[in-house]
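Report on the following structure.
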Amino acid sequence: MYRHLHRRLAQHVRDFLRQNYGVDLPSIVIEQPPKVEMGEYALPLAFELAKRLRQPPRKIAEEIVAGIGPIEGFAKLELAGAGYINARVNRAALAASLAAREEPPREVRPGKILVEHSSINPNKAAHIGHLRNAILGDTFVRLLEYAGSQVDVQNYIDNTGVQVADVVVGFLHLDKKSRAEIEQLTRQPRVDYYCWDLYARVSEWYGESNENLKRRAEVLHAIEEGNNQTAAIADMISVAVLRRHLETMDRADIEYDFLPRESEILQLHFWDAAFEKLKTGGVLFHQTEGKNKGCWVMRRAGANSTAETAELAEEDQKVIVRSNGTVGYVGKDIAYHLWKFGLLGRDFGYRKFYRYPNGHPCWISTTDGEPDHPHFGEVSEIYNVIDARQAEAQNAVIEALRGLGYNQQADHYTHFSYEMVALTPRCAAELGYQLSEEDKTRTYIEVSGRKGFGVKADDLIDSLIASARKEVDARHEQLSDRERASVANQIAVGALRYFMLKYTKPSVIAFDFKDALSFEGETGPYVQYAVVRATNIFRKAGLDPETFGKDGACPVSIEDFGKFLNDDSGTEIWELWLAASKTSYIVEQSIATTEPAYAAKHAFQLAQWFNNFYHRHHILTEPDDARKKFLLATVAVVRRELIRVLACMGISVPPVM
RNA sequence: GCGCCCUUAGCUCAGUUGGAUAGAGCGUCUGGCUACGAACCAGAAGGUCGGGAGUUCGAAUCUCUCAGGGCGCGCCA
């Protein structure tokens with residue numbers, strides 16, 4: 001509703017300015033006054049107009065206020081401060097439509113959106129950095145779906161790269177396991193943990209001799225080649241670890257629709273098709289001399305040289321095809337992204353790979369798949385949730401699309417960039433890491449998969465559940481073991497997801513168990529608790545919060561809304577209603593700025609206002625019946641909106657806490 | 001060397017397209033459970049928004065510069 005009124009006000013002001021002043025402002029800035037007593041919206045536009053119209057801002061603002069006339073949903077506009085125009089909404093009308101759950105229609109962008117996230121190398125257990133990626137991506141998917149978009153979720157699997165090759169080397173050459181033994185190990189419940197340690201041991205083993213390092217090249221080559229014993233073993237391992245990743249992420253309510261794999265990009269020759277396009281499109285060109293002799297290179301993204309591509313300086317060249325004819329990572333990524341936009345002219349084979357407990361199927365790429373499958377790819381917009389370190393590679397793909405003339409697609413290609421999760425020095429020390437004097441002064445220490453140094457995702461989730469379980473056990477003796485487990489699980493997921501979402505993307509998270517395991521203050525459980533309290537009020541009152549006030553059956557008249565919201569004592573409660581009206585506005589902002597943290601901040605703030613309200617007003621003992629109904633309507637609306645925002649973050653609410 | 005990001009309270013972070021008196025959480029201190037559950041609430045203390053210059057009616061926000069920190073820049077992925 002807030003978003004709806006915001007738009008109406010902006011449109012009205014824009015029309016008025018065009019008609020009366022002949023000015024066309026591209027964007028009407030609308031913000032909120034510092035205090036709600038001053039109104040719900042503030043327009044500083046008179047300051048901007050002062051120069052153009054050569055008149056003092058106060059005078060312009062005065063004229064606009066006097067001349068603009070009534071706007072539906074608004075009580076009045078007024079002049080404030082040095083020239084602000086503040087708008088007051090009709091509180092009673094807004095509250096009544098919120099209580100009745102009247103949703104203004106929203107315009108849905110046509111076309112499908114593809115979100116790629118997680119993309120974890122299938123060679124070891126997922127860690128907390130992967131959780132940040134997956135939670136950001138999954139939350140963004142939910143935000144898009146809330147806004148009415150159709151979204152496909154993909155998780156790209158690099159099953160033919162060096163990281164998988166490394167664990168294969170570990171199994172075959174370091175531990176000298178047979179195929180049967182490896183197969184046995186992949187059936188272990190936590191094979192990903194086994195690989196985590198093995199990967200660290202292999203990395204160390206490489207350092208012991210160059211002979212060892214040669215094994216890596218051999219294995220990698222065999223995997224890329226395909227159709228051999230080594231490739232089969234690599235596939236067995238990567239599929240087993242991938243399955244573990246899906247299970248881990250499912251614990252945090254994260255699901256995927258499709259898992260495109262690099263092995264199919266190679267075997268279905270996606271690159272050949274892309275290579276032809278890039279050559280004829282003049283994006284790639286062959287180097288005949290210099291450092292990159294024999295390679296196919298493209299212009300490096302951001303290269304400021306204006307030289308013709310054929311005579312680019314070496315530092316502005318990005319090698320796509322090596323002199324030995326093999327294609328690098330960026331080349332494969334270009335082919336993959338041409339496929340995403342339906343520009344490649346080839347498709348994957350598809351087969352069902354995984355079935356979530358809720359019945360949702362997850363598909364995987366294959367060379368010859370099942371005849372009946374959903375249609376993936378050919379989308380109009382993509383978001384790639386990939387950490388900030390890969391910005392240059394992402395830009396290279398975008399530049400390649402542009403070079404081929406696909407500007408519209410390039411414009412709808414968003415690198416959803418975020419910073420890494422590191423560890424506080426204290427946390428690193430707890431994990432047994434030897435800190436140098438320099439390390440101790442740092443605010444954070446980077447994790448290293450190669451060294452086996454980091455916090456595994458499942459370990460963190462286990463700790464969160466154990467910690468939540470302790471609290472639940474202490475409070476709810478009467479509940480069954482199963483019920484307590486379920487509640488603890490919801491709290492753990494709420495704490496985890498909120499923790500990963502409260503930081504804005506460019507902020508490095510310095511991870512510490514103490515912060516992550518906290519259930520108090522600015523946390524997911526704080527918000528969940530507010531909903532539980534709201535639910536309890538209705539339960540004790542013998543009413544259903546879901547249907548209270550819905551479908552025109554509002555027990556509060558519009559006059560009563562006016563009576564309770566308009567006087568001075570009503571302002572404090574009005575602030576809560578206003579915050580509750582903002583869900584769609586916040587979702588829109590989060591999507592436009594690709595920043596889920598706004599949704600998290602909003603959920604917390606709304607819960608905070610609610611808890612304050614909860615303390616000030618005792619609802620069930622309220623003697624005035626009309627006022628009691630009004631307070632109940634307030635609780636019902638805030639509860640509903642909290643649940644909706646939490647749902648966008650993938651956080652559910654337990655029945656009790 | 002080039003490019004991107006960061007620097008706001010003791011600590012961890014918000015501050016949405018430049019706007020009215022810079023905000024949270026944690027921590028510290030004080031107070032509040034015979035109320036709809038205290039995983040909560042109230043109050044106090046705590047700030048040269050890294051330094052400097054500029055643009056503007058107005059700068060934590062934009063530009064330049066200096067300092068400090070991080071990340072990237074491979075015929076790796």
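Naming: A, B, ... by sequence-line order, numbering from 1 per chain. Just so it is clear, the values below take in all heavy atoms, side chains as well, and ignore hydrogens, waters and symmetry mates.
- By the side-chain hydrogen bond (donor to acceptor under 3.5 Å, both in side chains) test, A/D624 pairs with no residue at all, sequence neighbours left out.
- Nucleic acid contact class of A/F519 (heavy atoms, under 4.0 Å, all strands): base.
- B/G25 and B/C41 have their C1' atoms separated by 15 Å, with the value rounded to a whole Å.
- One P atom belongs to B/C64, the other to B/C5, and the distance between them is 11 Å to the nearest Å.
- A/F47 comes within 4.0 angstrom of a base, heavy atoms only.
- When the side-chain hydrogen bond (donor to acceptor under 3.5 Å, both in side chains) test is applied to A/R88, the partners found at least two apart in sequence or on another chain are A/E78.
- At the phosphate of B/C40, neither OP1 nor OP2 sits under 4.0 Å from any side-chain N or O atom of A/N612.
- Between B/G25 and A/K502, no contact under 4.0 Å exists linking OP1 or OP2 to a side-chain N or O.
- Taking the nucleotide of RNA chain B with the nearest heavy atom to each of A/K514 and A/A80, the more 5' of the two is matched to A/A80.
- Judged by Watson-Crick or G-U wobble contacts below 3.5 Å, the nucleotide B/U21 has no partner.
- Of the residues in residues 582-601 of chain A, those with a non-hydrogen atom less than 4.0 angstrom from any atom of RNA chain B are A/Q589, A/Y598, A/K601.
- Among residues two or more places apart in sequence or in another chain, the salt bridge (charged side-chain N to carboxylate O under 4.0 Å, His left out) test is passed with A/E483 by none.
- In terms of the side-chain hydrogen bond (donor to acceptor under 3.5 Å, both in side chains) criterion, residue partners of A/E218 (sequence neighbours excluded) are, by chain and number, A/R215.
- Rounded to a whole Å, the CZ atom of A/R426 is 16 Å from the P atom of B/C26.
- Atom CD in A/E575 sits roughly 13 Å away from atom P in B/G23 (whole-Å rounding).
- In this view, A/E430 satisfies the salt bridge (charged side-chain N to carboxylate O under 4.0 Å, His left out) rule with no residue, not counting sequence neighbours.
- Using modelled atom types, no side-chain atom of A/T594 and backbone atom of A/I591 make a donor-acceptor pair closer than 3.5 Å.
- A/Y41 has its ring centre less than 6.0 Å from the ring centre of A/Y2.
- For the C1' atoms, the distance from B/G69 to B/G74 is 25 Å, rounded to whole Å.
- Nucleic acid contact for A/N86: base, since at least one base atom lies under 4.0 Å from a heavy atom of the residue.
- Ion pair A/R14/A/D24 not flagged as a salt bridge, since none of the NZ, NE, NH1 or NH2 atoms sits closer than 4.0 Å to an Asp/Glu carboxylate oxygen.
- For residues 582-595 of chain A, the salt bridge (Lys or Arg N to Asp or Glu O under 4.0 Å) pairs, not counting sequence neighbours, are A/R3-A/E588, A/R7-A/E588.
- Distance A/W609 CH2 to B/A24 P: 11 Å, rounded to the nearest Å.
- For the OP1/OP2 pair of B/C40 and a distance below 4.0 Å, the side-chain nitrogens and oxygens of A/Q608 include no atom meeting the criterion.
- Put simply, NZ on A/K505 is 12 Å from P on B/G15, counting in whole angstrom units.
- The nucleotide B/C49 finds no pairing partner, because no Watson-Crick or G-U wobble arrangement with both distances shorter than 3.5 Å includes it.
- Straight-line distance between the C1' atoms of B/C13 and B/C6: roughly 13 Å, to the nearest whole Å.
- A/V527 comes within contact range of no nucleotide atom at all, as no heavy-atom separation falls under 4.0 Å.
- Place A/T504 and A/L43 on RNA chain B by their nearest nucleotides, and A/T504 ends up nearer the 5' end.
- On the C1' atoms, B/U55 is 10 Å away from B/A59, given to the nearest whole Å.
- For B/U61, there is no paired nucleotide, since no Watson-Crick or G-U wobble pair has both relevant distances below 3.5 Å.
- Spacing between B/G51 and B/U61 at atom P, rounded to whole Å, works out to 10 Å.
- Taking atom C1' in both B/G46 and B/U63, the straight-line distance is 33 Å, to the nearest Å.
- A/R389 and A/E446 are joined by a salt bridge, as a carboxylate oxygen and a charged side-chain nitrogen come within less than 4.0 angstrom of each other.
- A/D316 has its CG atom 10 Å from the C1' atom of B/C2, to the nearest Å.
- Between the P atom of B/G27 and the CG atom of A/D512 lies a distance of 13 Å, rounded to the nearest Å.
- Spacing between B/A35 and B/U8 at atom C1', rounded to whole Å, works out to 41 Å.
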Contact pattern, 5' to 3', of nucleotides 28-36 of chain B - B, S or - by protein heavy atom under 4.0 Å: ----B--BB

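- Note that the CG atom of A/L79 and the CG atom of A/N86 stand 8.5 Å from one another [nearest 0.5 Å].
- With both pairing distances under 3.5 Å, B/A44 is matched to B/U28 as a Watson-Crick or G-U wobble pair.
- Pairing for B/U34 is absent, judged as Watson-Crick or G-U wobble with the two contacts each under 3.5 Å.
- As a whole-Å value, the separation of A/E522 CD from B/G15 P is 11 Å.
- At the heavy-atom level, A/I320 lies nowhere under 4.0 Å from the strands shown.
- Using Watson-Crick or G-U wobble geometry with both donor-acceptor distances under 3.5 Å, B/C2 finds its partner in B/G72.
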Output a table of nitrogen or oxygen pairs between the protein and nucleotides 69-77 of chain B separated by less than 3.5 Å.
| residue | atom | partner | partner atom | Å |
| --- | --- | --- | --- | --- |
| B/G70 | OP1 | A/R442 | NH1 | 3.0 |
| B/G70 | O2' | A/Y444 | OH | 2.9 |
| B/C71 | OP1 | A/E446 | OE1 | 3.2 |
| B/C75 | O3' | A/R322 | NE | 3.2 |
| B/C75 | O2 | A/S323 | N | 3.0 |
| B/C75 | O2 | A/S323 | OG | 3.0 |
| B/C75 | N3 | A/S323 | OG | 2.5 |
| B/C75 | N4 | A/K291 | O | 3.4 |
| B/C75 | N4 | A/K293 | O | 3.2 |
| B/C76 | OP2 | A/R322 | NE | 2.8 |
| B/C76 | O3' | A/R322 | NH2 | 3.2 |
| B/A77 | OP1 | A/R322 | NH2 | 2.3 |
| B/A77 | OP2 | A/R322 | NH2 | 2.6 |
| B/A77 | OP2 | A/Y329 | N | 3.3 |
| B/A77 | O3' | A/D158 | OD2 | 2.8 |
| B/A77 | O2' | A/D158 | OD2 | 2.9 |

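- Among residues two or more places apart in sequence or in another chain, the side-chain hydrogen bond (donor to acceptor under 3.5 Å, both in side chains) test is passed with A/N292 by A/Q317.
- Remark: aromatic rings of A/Y336 and A/F270 are distant, center separation not under 6.0 Å.
- The list of salt bridge (Lys or Arg N to Asp or Glu O under 4.0 Å) pairs with a residue in residues 50-61 of chain A, not counting sequence neighbours, reads A/K59-A/E63.
- The nearest whole Å value for the distance from the OH atom in A/Y498 to the P atom in B/A14 is 11 Å.
- Under the salt bridge (Lys or Arg N to Asp or Glu O under 4.0 Å) criterion, the residue pairs touching residues 494-522 of chain A are A/D138-A/R497, A/R426-A/D512, A/E522-A/K601, with sequence neighbours excluded.
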